[in-house]
Q: 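The structure that follows is given in the form of structure tokens.
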Amino acid sequence: MAGPLYARYVPPKPGSTTAKPQTTLATSNERPITDFTKQQKRKRDEDGSAHPRMSKKKQTSFAKEDSAQEQLKHGVTDSSTERAVPDKVNGAMRKDKQPSTKRKKEKKKQHEQQSEAPETESDLPTQHKAILAKYQRSTQRSESLREQQPTDTAPDDTEEPTVLHDLVPLPQPDPAPESEYKPTFSTLPEWLAEPVVVRAGERTPFKNLNISPKLLSHLAEKGYENTFAIQSAVLPLLLPGGSGQQGDVLVSAATGSGKTLAYVLPLVEALKDNVITSLRALIVVPTRELVTQVRDVAELCVSGSGLQVGTAVGSHSLTVEQEQLVQRSGRYDPDHAEELEQRAAKRVMRSIDADDDLLDDVLTCLPGHVPEYRSKVDILICTPGRLVEHIQSTRGFTLDHLEWLIIDEADRLLDESFQDWVDVVVGSLEREKPHEALSVKEQVLSKTWYPPAKKHARRVICSATMTKDLEKIGALRLKRPTLVSATDTKETTEAMEAERKEYSLPTTLDEYAVPAGDGGDKPLYLLQLLHNYVLNTSYKSTKEADLDTNTSDTGSLGSSDDSSSESDSSSSSEDSEGDISDSEDAAAAHEIPSTHPSRAGRLNQTAKKSPAKVVSGVLIFANTNENTTRLSHLLRSMDPSLRIGTLTISAATSEGRKALRAFRQAKTQILVASDRASRGLDLPDVRHIINYDMPRNMTSYIHRVGRTARAGKEGTAWTLVEDRQARWFWNDIARNAAISRSSDVDRLRVDIENLEKTTKARYTKALGRLKSAVEQE
Ligand SMILES: Nc1ncnc2c1ncn2[C@@H]1O[C@H](COP(=O)(O)OP(=O)(O)OP(=O)(O)O)[C@@H](O)[C@H]1O
């Protein structure tokens with residue numbers, strides 16, 4: 001049997017005068033048609049019959065083949081009909097079988113015929129005419145058919161409407177509701193994505209926890225009988241014998257929720273039985289004020305236990321601190337001493353170990369003795385920069401014995417590099433202990449095939465605004481971590497989880513936004529706010545009249561009386577505030593009298609308190625040191641009766657400490673501060689926070705307002721909002737879905753238009769004085 005004869009037609013090259021058919025074989029295993037095939041073909045040609053076993057398809061193919069050969073013989077070009085193409089191949093194949101001279105002659109003849117090809121139809125031979133006529137007929141027929149066919153767009157008027165005859169469409173079920181897409185994956189690790197959430201208000205008596213009686217008595221002295229919510233979740237995890245299985249713990253809870261005690265108690269409980277003093281717990285906090293504050297809590301817990309608490313802050317002299325932290329003595333060890341003495345002698349010759357500080361101490365030791373260092377503290381509370389200094393330059397200061405590493409205000413500490421403190425501390429924790437630092441048991445075991453694994457210093461990481469940045473958290477090399485998250489709000493745990501609230505504000509906190517126009521007269525707004533709503537002092541009579549009679553012209557706050565509401569709404573409609581737009585309008589719905597009668601009542605109570613006795617402090621935040629000092633200066637000269645303290649980052653420690661002490665003791669009623677006071681400070685009786693300058697971000701807002709409403713006490717936060725800041729404030733702070741708050745932020749309008757002339761004059765004078773003071777600087 002012949003192989004399959006597929007061929008591809010190659011059209012003539014453009015410009016060639018002849019329409020010579022070319023063929024290209026598609027198969028390589030072609031072979032000439034066998035004699036048998038030729039005989040069969042010849043027979044078929046003679047009697048017009050097909051091969052008995054030939055299929056119909058093949059018969060048609062042969063018929064086509066013959067007709068094409070006929071056409072070729074008579075010089076019909078390929079382009080005349082498509083159907084001739086495959087047949088021409090066979091024709092060519094057959095020609096291949098002819099001797100080459102014969103083929104050449106035939107080609108020549110063909111060429112001559114084609115070059116003499118007739119131009120008109122009448123010149124064509126009769127057979128060709130018939131083919132051409134057939135072709136033309138078929139084209140005409142297909143064209144007429146195409147014309148008859150209706151187009152898609154044509155309206156089908158002829159179609160009759162379908163009569164259903166009792167056939168009604170079957171009722172179809174409603175489409176299945178598409179379920180809301182909930183990703184089954186998280187980019188966060190499971191422990192971080194799904195924290196242990198503590199219910200608000202969950203309290204446990206301290207005595208029910210694994211706490212020693214002595215510690216319990218210290219707590220009782222302070223009046224602490226029951227845990228706060230976060231403590232009831234964290235203490236069982238961290239206390240010795242608890243359920244924590246020594247894993248690391250991250251604590252995320254609102255400001256003032258008692259995180260300090262939650263980590264100080266367990267570490268004191270765990271270390272209290274140690275006989276030898278060594279540095280076993282390190283508490284890192286961002287500011288020196290916090291160092292002092294945490295030390296107070298630690299001192300309370302360690303009293304009577306023999307544990308030593310030390311501090312390290314950048315503002316103290318390094319040498320003094322070194323003395324306070326490390327005890328240097330000599331140990332009799334003649335072999336080692338000899339070696340060290342030799343090295344020390346070489347160093348004197350400046351040949352080796354120029355930086356080996358240990359050798360300094362060798363020279364001061366008794367003969368045959370080597371220097372030995374011991375930590376003077378068990379618990380060290382420090383700022384990160386100074387810690388790095390001690391690790392790098394204090395002889396004998398080592399973290400080799402560390403069992404607890406606490407990082408408070410972690411998001412802030414991990415955000416800022418502080419001399420790459422994380423890498424230095426973690427690196428120091430992970431290095432192999434020198435042989436001398438090993439206990440006798442460890443020394444013996446270290447010589448075996450299976451030396452004991454280095455003990456992991458347990459990490460406790462705390463913040464009110466815990467970072468979820470894995471890179472930052474990863475740098476701490478946590479082991480089996482658990483995130484404990486507490487909300488001090490009334491929302492249920494489920495609601496919190498559903499809404500994925502990341503931060504929470506204390507339930508006892510009230511928040512107000514005070515529109516301050518374009519910000520040009522912010523000091524006046526502040527003064528009005530202070531006198532009428534916060535301190536309620538010199539303007540008290542006016543204010544009380546406002547609250548009682550609702551004829552206020554100094555602010556929109558009044559009672560829940562209808563007339564008051566009217567005056568409020570009219571005043572707010574008159575105040576058209578440029579770009580405040582929709583967010584502000586929405587916020588206008590939270591104007592105090594109509595929406596929060598309870599809160600208005602609370603504010604009325606505050607306002608009606610005796611003006612003579614200032615019962616609570618006010619913390620005013622400005623953004624920079626310069627703003628802080630200037631504002632403090634301006635307020636003093638506008639109203640000399642105000643007792644004001646100032647706390648800036650640049651203030652010397654003693655100045656800052658003095659300012660804080662005076663404020664704590666209520667010698668000053670107002671503390672104007674930079675963000676130095678925004679983190680962690682636990683100032684008693686701070687009833688009001690005023691954001692004179694808008695905080696730079698949401699985190700900063702949470703920490704600032706968290707200086708009030710602590711430990712279940714009430715507090716109020718006021719934020720002066722300039723027109724250009726309104727949109728950002730309402731969207732990112734006041735209505736931020738990530739913040740869980742017990743009530744909405746209200747807007748309070750403070751009117752400075754109708755201020756008394758004397759106040760305005762005083763303000764202008766004060767500005768003049770400030771200007772000259774600034775010029776003198
Ligand atoms: N169990 C308790 N009972 C009563 N008061 C407590 C209890 N625990 C802590 N406090 C008090 O609550 C106040 C706030 O505690 P703490 O300063 O530890 O809060 P915090 O969560 O660390 O706040 P921040 O995030 O602002 O640093 C402190 O005055 C502390 O004395």
Side-chain angles (χ1 to χ4, degrees), residues 198 200-209 211 215-216 218-236 238-239 249-268 283-287 289-301 381 406-413 460-467 484-488 503-509 617 619 621 660 664 673 675-687 689 699-715 717:
V198 194
E202 202 169 295
R203 306 191 96 185
T204 315
F206 280 115
K207 63 176 184 321
N208 290 2
L209 297 166
I211 298 173
L215 252 173
L216 282 177
H218 295 322
L219 294 175
E221 272 167 36
K222 259 289 215 182
Y224 302 166
E225 297 291 340
N226 298 310
T227 62
F228 282 168
I230 192 67
Q231 293 164 351
S232 59
V234 172
L235 289 175
L238 295 179
L239 279 167
V249 176
L250 288 90
V251 184
S252 173
T255 50
S257 57
K259 293 186 286 292
T260 318
L261 202 62
Y263 62 74
V264 171
L265 261 183
L267 74 87
V268 171
I283 302 173
V284 190
V285 292
T287 60
E289 285 82 16
L290 270 180
V291 168
T292 317
Q293 196 173 291
V294 176
R295 192 189 55 200
D296 291 345
V297 180
E299 298 274 356
L300 168 85
C301 296
I381 306 156
I406 318 285
I407 302 173
D408 203 348
E409 304 297 338
D411 59 320
R412 158 106 195 268
L413 285 176
V460 182
I461 319 293
C462 305
S463 182
T465 47
M466 181 61 76
T467 178
V484 184
S485 179
T487 168
D488 201 11
Y503 312 107
S504 58
L505 289 173
T507 19
T508 45
L509 177 73
L619 194 52
F621 282 105
L660 278 176
R664 277 201 165 103
D675 277 309
R676 177 176 169 182
S678 71
R679 286 260 184 180
L681 271 191
D682 184 45
L683 300 165
D685 294 326
V686 174
R687 177 70 176 75
I689 299 295
T699 317
S700 171
Y701 179 85
I702 290 174
H703 286 281
R704 279 185 182 186
V705 300
R707 295 317 98 210
T708 187
R710 296 172 72 76
K713 290 182 193 157
E714 284 188 353

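Fair warning: this is a prediction, and the values are worked out from it, not measured in the lab. Start at 1 and go down the list; that is how both ligands and their atoms are numbered.
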Q: If we ignore hydrogens and angles and just use 3.5 Å, is the side chain of Thr508 paired with the main-chain N or O of Lys713 as donor and acceptor?
A: yes
Q: Which of the atoms in ligand 1, numbered in the order shown and given with their element, are less than 4.0 Å from a heavy-atom of Phe206?
A: 1 (N)
Q: Could you check atom 23 (O) of ligand 1 against the protein and tell me its nearest heavy-atom contact, residue, atom and distance included?
A: Gly256 N, 2.8 Å
Q: How far apart are the closest heavy atoms of Ala233 and Val198, and which atoms are they?
A: CB-CG2, 3.3 Å
Q: Going by the order shown, which atoms of ligand 1 are within less than 4.0 Å of some heavy atom of Glu409?
A: 27 (O)
Q: When you measure from the side chain of Glu409 to the backbone of Arg679, do you find a donor-acceptor pair of N or O atoms at a distance under 3.5 Å?
A: no
Q: How far is atom 18 (O) of ligand 1 from the closest protein heavy atom, and which atom is that?
A: Thr260 OG1, 2.6 Å
Q: Under 4.0 Å from a heavy atom of Arg707: give me the atoms of ligand 1 that qualify, with their elements.
A: 26 (O)
Q: Looking at every non-hydrogen atom in both residues, tell me the closest pair between Ala262 and Leu238 and how far apart they are.
A: O-CD1, 3.9 Å
Q: Which protein heavy atom lies closest to atom 30 (C) of ligand 1, and at what distance to 0.1 Å?
A: Tyr224 OH, 3.5 Å
Q: From the options Asp411, Thr255, Asp408, select the one residue that forms a side chain to side chain donor-acceptor pair (under 3.5 Å) with Ser463.
A: Asp411
Q: Please report the shortest heavy-atom distance between Ala220 and Glu225, naming the atom on each side.
A: CB-OE2, 4.0 Å
Q: Do Ile283 and Tyr263 come within less than 4.5 Å of each other through their side chains, counting heavy atoms only?
A: yes
Q: Hey, does Ser463 sit under 4.0 Å from ligand 1 if you only count heavy atoms?
A: no
Q: Does Ala253 reach ligand 1 with a nitrogen or oxygen that is under 3.5 Å from one of the ligand's nitrogen or oxygen atoms?
A: no
Q: Would you say Asn226 touches ligand 1, if touching means a heavy atom closer than 4.0 Å?
A: yes
Q: Taking all non-hydrogen atoms of both residues, which atom of Val705 and which atom of Leu505 are closest, and how far apart?
A: CG2-CD2, 3.8 Å
Q: Is the closest heavy-atom distance from Lys222 to ligand 1 below 4.0 Å?
A: no
Q: Please report the closest heavy-atom contact between Ala410 and Ile461, naming both atoms and the distance.
A: CB-CG2, 3.2 Å
Q: As an exercise, identify every atom of ligand 1 less than 4.0 angstrom from a heavy atom of Ala254.
A: 21 (O)
Q: Could you tell me the residue and atom name of the protein heavy atom closest to atom 12 (O) of ligand 1, and the distance to it rounded to 0.1 Å?
A: Ala711 CB, 3.2 Å
Q: Starting from atom 29 (O) of ligand 1, find the nearest protein heavy-atom neighbour and note its residue, name and distance.
A: Asp682 OD2, 2.5 Å
Q: Considering only non-hydrogen protein atoms, determine which one is nearest to atom 7 (C) of ligand 1 and report residue, atom name and distance to 0.1 Å.
A: Phe228 CE1, 3.5 Å
Q: Would Ala464 count as a polar contact of ligand 1, with the cut-off being nitrogen or oxygen pairs under 3.5 Å?
A: no
Q: Which atom names give the shortest non-hydrogen contact between Arg710 and Leu681, and what distance separates them?
A: CZ-O, 3.7 Å
Q: So which heavy atom in the protein is nearest atom 8 (N) of ligand 1, and how far is it from that ligand atom?
A: Gln231 NE2, 2.9 Å
Q: Quick one: OG1 on Thr699 to CZ on Arg412, what's the gap to the nearest 0.5 Å?
A: 12.0 Å
Q: Taking Glu202 for its side chain and Ser232 for its backbone only, find out whether a donor-acceptor pair lies under 3.5 Å.
A: no
Q: Say whether Ser257, considering both its backbone and side-chain N or O atoms, lies within less than 3.5 Å of an N or O atom on ligand 1.
A: yes
Q: Quick test: of every protein heavy atom, which one is nearest to atom 25 (O) of ligand 1, and how far off is it to 0.1 Å?
A: Lys259 NZ, 2.7 Å
Q: Test your reading of the structure: does Asp408 have an N or O sitting under 3.5 Å from an N or O of ligand 1?
A: no
Q: Below 3.5 angstrom, do we get any N/O pair linking Arg710 and ligand 1?
A: yes
Q: I'd like to know if Gly706 contacts ligand 1, where contact means a heavy-atom distance under 4.0 Å to any ligand atom.
A: no
Q: Distance check, rounded to the nearest 0.5 Å: Tyr701 atom OH versus Ser678 atom OG?
A: 13.5 Å
